[in-house]
Amino acid sequence: MTQPVSPPRDTAGKIGPAGRPATWRSLSARADVRTLSLLGVLAALVVIGGVTKPDEFLDTRNLQLVLTQASVIGVVTVGMTFVITSGGIDLSVGAIVALASVWATTVATQEYGFAGILFTAMVVGLGCGLVNGLLIAYGGMVPFIATLAMLASARGLALQITDGKTQIVTIDSVLRLGERDSYVLGVPPLVIVFAIVTIVGWLLLNRTTFGRRTVAVGGNSEAARLAGIDVRRQRLYLYLLSGLCCGIAAFLLIVLSGSGQNTNGNLYELDAIAAAIIGGTLLSGGRGTVTGSVLGVLIFTTITNIFALNNLQSDVQQIAKGAIIVAAVLVQRRTARTA
């Protein structure tokens, strides 16, 4: 006689509702606590800024500036979150932003107007992501090495295109996006684009098969392969996504600065990785959160703004960022041990 199959139990022997292990409920609870903690840190920073420089920090123009500056690196961070969740890394995002921005602002490109600049920035980002993806997924290269090579190559090509000079944008329709007249209900267009990218990224990671495959590949690539997931193709798609985000960020940076420079995107890779880490994305892969990454970007941008308003030196700012990153990694390790 066939014995009935018992529903799944957690390590404590408790049966989850509808057969769902209680472990998943605890992980979800930890994610909620992590998000609330990040919101608490952000709120504390706002209070600090309001106390130290109330007239300047709480000014509407300054808050708009903080959100605008967060938009560029924020879009890059959304793409980075997917890559890290899959167990990879992308050290080339800053260089790709630089290359896309200078390629999109050459005299030849600007002859095609707004559409030409936007199209070129996105295509260059996708092209670089494609190269990274092919080298890593089908070439068998370690992500660290492949993206490091792209970092050097993209920076070198950007320098060659500009000859070390700043390329000024002359297209009025592009420049107007950075002016206050283009704000929608007081919200800069760049912030709206960042919000759209964030929403799409959240839905993609949390509500689609693509997102579930990304988490599966990062958690255990061999198990994902045995489950029928094309791991190599998935990784290719992820680096394409990262490259696309870099292309969008390059266009936002062109709008923000009104120019293209080979120095654009400097250290973006470190800022994006740091924001994703403190947001709760595991460096080892298998867990990622777009919401946490965005909050991490806002925290770092707010810290930078507070330091600038209080005329504090950049070295102190970097020390503070380093301390935050170390604290976030230690919390991650503690969480992983107790999961």
Side-chain angles (χ1 to χ4, degrees), residues 27-49 66-67 69-91 93-94 143-144 147 194-195 197-198 201-202 205-206 214-215 218-219 242 245-246 249 265-308 312 314-339:
L27 289 175
S28 178
R30 287 194 186 97
D32 293 338
V33 171
R34 201 161 42 239
T35 300
L36 291 174
S37 299
L38 291 171
L39 286 172
V41 172
L42 184 59
L45 289 173
V46 171
V47 171
I48 292 172
V66 171
L67 291 175
Q69 292 175 336
S71 298
V72 181
I73 185 61
V75 171
V76 174
T77 303
V78 171
M80 181 70 79
T81 299
F82 278 85
V83 172
I84 296 178
T85 301
S86 71
I89 199 73
D90 191 347
L91 300 179
V93 290
F144 183 92
T147 57
F194 176 34
V197 171
T198 298
W202 186 89
L205 185 61
N206 296 281
T214 300
V215 174
S242 180
C245 287
C246 290
N266 187 36
L267 296 181
Y268 272 20
E269 56 277 357
L270 299 183
D271 289 341
I273 293 171
I277 291 173
I278 72 168
T281 300
L282 285 179
L283 263 177
S284 56
R287 188 183 74 201
T289 162
V290 172
T291 302
S293 296
V294 169
L295 289 174
V297 169
L298 293 175
I299 288 172
F300 277 138
T301 308
T302 304
I303 290 175
T304 300
N305 184 258
I306 292 174
F307 274 63
L312 297 175
S314 59
D315 55 350
V316 180
Q317 175 184 323
Q318 297 301 324
I319 293 172
K321 283 186 177 182
I324 292 174
I325 294 171
V326 170
V329 172
L330 291 176
V331 169
Q332 280 194 3
R333 293 183 62 183
R334 181 180 179 86
T335 303
R337 285 197 299 266
T338 57

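We use all heavy atoms of the structure for the numbers below, so side chains are in, but hydrogens, waters and symmetry mates are not.
A pairwise comparison of heavy atoms in Ser293 and Thr281 identifies OG-OG1, 3.8 Å as the closest pair. The shortest non-hydrogen separation linking Gly288 to Thr85 is CA-OG1, 3.2 Å. Minimum heavy-atom separation, Gly201 to Val78: CA-CG1, 4.2 Å. In plain terms, the two heavy atoms of Ala276 and Ile84 that are nearest each other are CB-CD1, 4.1 Å. Closest approach of Thr291 to Trp202, counting heavy atoms only: OG1-CD1, 3.4 Å. Across Val76 and Ala249, no two heavy atoms sit closer than the pair CG2-CB, 3.5 Å.
With rounding to the nearest 0.5 angstrom, the CG atom of Asn305 is 12.0 Å from the CG atom of Leu298. Atom CG of Leu38 and atom OG1 of Thr289 lie 8.5 Å apart (nearest 0.5 Å). With values rounded to the nearest 0.5 angstrom, Thr81 atom OG1 is found 8.0 Å from Leu205 atom CG.
Among residue pairs with one or both ends in residues 272-284, none qualify as salt bridge (charged side-chain N to carboxylate O under 4.0 Å, His left out); sequence neighbours excluded. Pairs passing the salt bridge (charged side-chain N to carboxylate O under 4.0 Å, His left out) check and including a residue from residues 273-284, sequence neighbours excluded, do not occur.
Qualifying side-chain contact (heavy atoms from CB on, under 4.5 Å) partners for Val41, counting only residues two or more places apart in sequence or in other chains: Leu45, Ile299. Under the side-chain contact (heavy atoms from CB on, under 4.5 Å) criterion, Leu270 pairs with Leu267, not counting sequence neighbours. Under the side-chain hydrogen bond (donor to acceptor under 3.5 Å, both in side chains) criterion, Thr304 pairs with Gln317, sequence neighbours left out. Applying the side-chain contact (heavy atoms from CB on, under 4.5 Å) criterion to Val83, with sequence neighbours excluded, gives Asp90, Tyr239, Ser242. Ala275 pairs by the side-chain contact (heavy atoms from CB on, under 4.5 Å) definition with Thr77, Val297, Phe300, not counting sequence neighbours.
When the options Leu67, Val294, Val72 are evaluated for a side chain to side chain contact (heavy atoms under 4.5 Å, CB included) with Phe194, the one that passes is Val294.
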